[in-house]
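Notes follow the structure.
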Amino acid sequence: MDIKRVKDYIYWLYYQYLLITCSYVLEPWERSMFHTITVTVFAMVVYTAYVFVPIHVRLAFEFFSQIFGGQPESTVS
């Protein structure tokens, strides 16, 4: 893809975002506050998923491996 098509596609995605969130009707300062809050919440969700999802997946794997007859791990190495 050439640069102009990528640029137009990014503008189109941004326009879709404005339409979906109805933020095109906001004043510029309200829009900047809305975007700041949206980006902050999104960043917190991504961070939480990055930190806590692997722990829960490991715990669920250990739980289901014990239920379905997995060998218990030895505490003595």
How close do H35 and S23 get, heavy atom to heavy atom, and via which atoms?
-> CE1-OG, 4.1 Å

Looking at CG of L19 and OH of Y14, how far apart are the two atoms once the value is rounded to the nearest 0.5 Å?
-> 11.0 Å

Under a 4.5 Å cut-off applied to non-hydrogen side-chain atoms, are L59 and E62 in contact?
-> yes

Atom CZ of F63: over 12 foreign heavy atoms under 6.0 Å | no

Transitively linked via ILVMFWY side-chain contacts under 4.5 Å: Y50 with V57?
-> no

Minimum side-chain heavy-atom gap L26-M33 below 4.5 Å | no

Minimum heavy-atom distance between L18 and Y24, given as atom pair plus value = O-CD2, 3.3 Å

Evaluate whether atom OH of Y11 has more than 12 neighbouring non-hydrogen atoms of other residues, nucleotides or ligands under 6.0 angstrom away.
-> no

Output for pair (T21 OG1, Q16 CD), nearest 0.5 Å, gives 10.5 Å

In Å and rounded to the nearest 0.5 Å, what is the CZ to CD1 distance from F64 to I67?
-> 5.5 Å

Closest heavy-atom pair and its distance - P54, A49 | CD-O, 3.6 Å

Joint hydrophobic cluster, F52 plus Y47, side-chain heavy atoms closer than 4.5 Å | yes

Heavy atoms of other groups near F34 CZ, more than 12 under 6.0 Å = yes

